[in-house]
There are 2 protein chains.
Amino acid sequence: MNDATGTGRQMETARATEGPGGPGPVILSPFVRVARIPMHHQIREDLVLNLNSGRFQPGAELPGEAALCAHYGASRGTIRHALADLARDGLIDRQAGRGSFLRHPKIEGSVVGSYRQFRIEGPPLDAGGSVLSLTRRKADANVAEILGLGVDRAIYFLRRLRFAAGVPVTLQTSYLPVALCPDLQKHNLDERHLIDILLQEYGVAMARAEELIEPAIADEHDAKHLGIKIGAPVFQIERRTYLADGRIGEFRRAVMRGDVYRYRLDLR
Amino acid sequence: MNDATGTGRQMETARATEGPGGPGPVILSPFVRVARIPMHHQIREDLVLNLNSGRFQPGAELPGEAALCAHYGASRGTIRHALADLARDGLIDRQAGRGSFLRHPKIEGSVVGSYRQFRIEGPPLDAGGSVLSLTRRKADANVAEILGLGVDRAIYFLRRLRFAAGVPVTLQTSYLPVALCPDLQKHNLDERHLIDILLQEYGVAMARAEELIEPAIADEHDAKHLGIKIGAPVFQIERRTYLADGRIGEFRRAVMRGDVYRYRLDLR
DNA sequence: GAGTGGTCTAGACCACGTT
DNA sequence: ACGTGGTCTAGACCACTCA
């Protein structure tokens with residue numbers, strides 16, 4: 001549970017490849033509005049129906065906003081309201097300067113379309129945590145690739161045990177470029193959020209992050225620190241945190257107690 | 001891994017209770033706009049900062065849209081854009097005729113505020129699946145409570161092994177009120193989505209669903225059907241699917257292969 | 001009736017990607 | 001240069017809640 005190598009998915013999702021010439025444009029069926037129901041709802045549902053009809057391939061381009069205004073007889077604000085809903089739900093991709101494009105064929109046998117809400121349930125993490133180790137080392141090939149650095153560039157290797165209400169709940173291993181935060185060891189990692197130290201001490205602002213969540217099993221090391229049994233179910237979470245310019249500021253792998261945290265999903 | 005009883009979280013999140021008189025109003029700190037960054041982003045982040053400052057209790061009422069327009073010197077459309085983002089991310093509740101109110105205390109030490117996007121990564125499920133058993137029985141106390149039925153009301157107990165591209169990937173146990181779908185056994189559960197059968201054969205439309213996701217370990221039964229080893233990490237997923245009137249139409253517990261699926265989260 | 005959020009319009013300017 | 005989506009404004013009418 002401790003290597004920074006690939007995780008070895010056994011069945012990768014098939015990436016849709018664009019054939020030569022690419023998928024055709026989306027052509028809408030006629031539309032009649034119904035009274036009493038908000039226009040942008042009707043437009044959204046009509047677009048969902050059209051896009052899910054199977055007549056179009058992923059990647060197909062939607063009509064521009066102006067064309068949709070004409071087709072639906074609505075103002076641009078209303079059209080944009082409907083399109084924003086579709087984009088939020090992952091049905092379409094929108095790109096300024098290019099257009100709007102159909103995304104996935106259909107995600108899963110979910111209730112109707114897509115996830116609406118996602119949150120973790122459990123006690124909030126305390127700031128900081130117990131630093132198990134903080135060392136400077138040279139990046140090996142894996143870490144260098146993940147962080148987008150040259151091999152042998154200096155990185156910090158930070159292991160912390162973190163608590164919620166004083167109870168150990170997650171064990172985190174972080175990799176950070178030394179160039180980003182020289183002398184990191186001088187700061188109080190026991191009591192401050194890493195993200196706050198980066199921002200306040202180094203002026204480094206994290207813009208966004210990606211997490212990959214998998215089920216895993218506590219090994220001896222995990223079990224000892226988290227106070228659980230070897231073999232107990234845990235979440236394994238990989239997080240890549242990005243700077244504003246797209247570089248990765250931190251790569252982290254965490255093991256989180258499965259008996260304390262769970263994820264909750266709302267589907268609509 | 002197979003009882004329908006409670007899951008026994010060890011540390012429940014504390015529910016904030018409203019004191020007598022209720023929580024006070026939200027009072028905003030002064031705001032200075034920065035050039036080059038969209039106004040509604042800045043307003044959203046400023047509101048996040050204010051709401052997460054700890055100065056306000058859950059339930060606290062935000063200033064009205066007009067007041068926010070004045071405070072931020074922006075038009076109503078821009079203010080509404082920012083507020084819509086906050087509502088979408090679950091930070092506030094908005095109610096027409098009443099106002100906007102602060103929701104949760106604070107979720108987690110995430111990058112700045114909240115989850116933006118999440119999806120499951122892995123191959124799409126095939127429709128239907130191999131029915132391992134479909135029996136009619138009387139609801140025991142646990143299932144009756146979950147489904148909101150009286151004890152001893154008839155339920156269907158359905159176990160299916162489901163596939164993705166022909167490979168077994170998830171084992172599902174469903175509980176449905178017989179009243180909702182009498183003679184369910186007459187329909188082709190091997191090849192159709194349960195949700196489609198309910199809609200097309202019984203006119204029962206599922207409105208929304210909730211899922212709880214935990215890490216778990218494959219037991220002998222899981223391992224045998226899914227073709228994995230006993231003790232292999234899996235996701236355990238509880239799903240409650242709701243009808244439009246709020247009743248629960250299906251309670252399901254599923255075990256999903258951890259080597260095939262993972263969740264991806266985008267944080268902003 | 002006053003205040004709230006929900007809907008909708010019409011118009012403007014911008015950054016961006018393509019041609 | 002042109003079309004795309006992103007941002008923002010100013011104003012209007014509505015349904016709803018609450019005093």
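Chain letters run A, B, ... following the sequence lines, proteins first, then strands; residues in each count from 1. We use all heavy atoms of the structure for the numbers below, so side chains are in, but hydrogens, waters and symmetry mates are not.
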Next item on the list: Could you tell me which residues satisfy salt bridge (Lys or Arg N to Asp or Glu O under 4.0 Å) with B:R55, sequence neighbours excluded, listed by chain and number?
Entry: none
Item checked: Rounded distance in Å - CG (A:L62) to P (D:dG5) -> 9 Å
Detail all sub-3.5 Å separations between protein N/O atoms and N/O atoms belonging to nucleotides 6-12 of chain C.
from	atom 1	to	atom 2	distance (Å)
C:dG6	OP2	B:R80	NH1	3.1
C:dG6	OP2	B:R80	NH2	3.4
C:dG6	OP2	B:R94	NH1	3.2
C:dG6	N7	B:R76	NH2	2.8
C:dG6	O6	B:R76	NH1	3.0
C:dG6	O6	B:R76	NH2	3.4
C:dT7	O4	B:R76	NH1	3.4
C:dC8	OP1	A:M39	N	2.5
C:dC8	OP2	A:M39	N	3.2
C:dC8	OP2	A:H40	N	3.1
C:dC8	OP2	A:H40	ND1	3.0
C:dT9	OP2	A:S75	N	2.7
C:dT9	OP2	A:S75	OG	2.7
C:dT9	OP2	A:T78	OG1	2.6
C:dA12	N6	A:R76	NH1	3.0

Margin query: List the residues meeting side-chain contact (heavy atoms from CB on, under 4.5 Å) with A:R94, not counting sequence neighbours, and say none if there are none.
Written below: A:E65, A:R80, A:L83, A:A87, A:I92, A:S100
Item checked: Position toward the 5' end of DNA chain C (nearest nucleotide), B:G64 or A:G97 -> B:G64
Next item on the list: Kindly say if B:S100 contacts the phosphate of C:dG5, meaning a side-chain N or O under 4.0 Å from OP1 or OP2.
Entry: yes
Notebook entry, point to check: side-chain contact (heavy atoms from CB on, under 4.5 Å) with A:P63: which residues, sequence neighbours excluded?
Noted result: A:V26, A:L28, A:A67, A:L68
Margin query: Give me each pair satisfying ring pair (Phe, Tyr, Trp, His ring centres under 6.0 Å) with a member in residues 50-72 of chain A, each pair once, sequence neighbours excluded.
Written below: A:F31-A:Y72
Note to self: A:A84: which residues meet the side-chain contact (heavy atoms from CB on, under 4.5 Å) condition with it, sequence neighbours left out?
What the structure shows: none
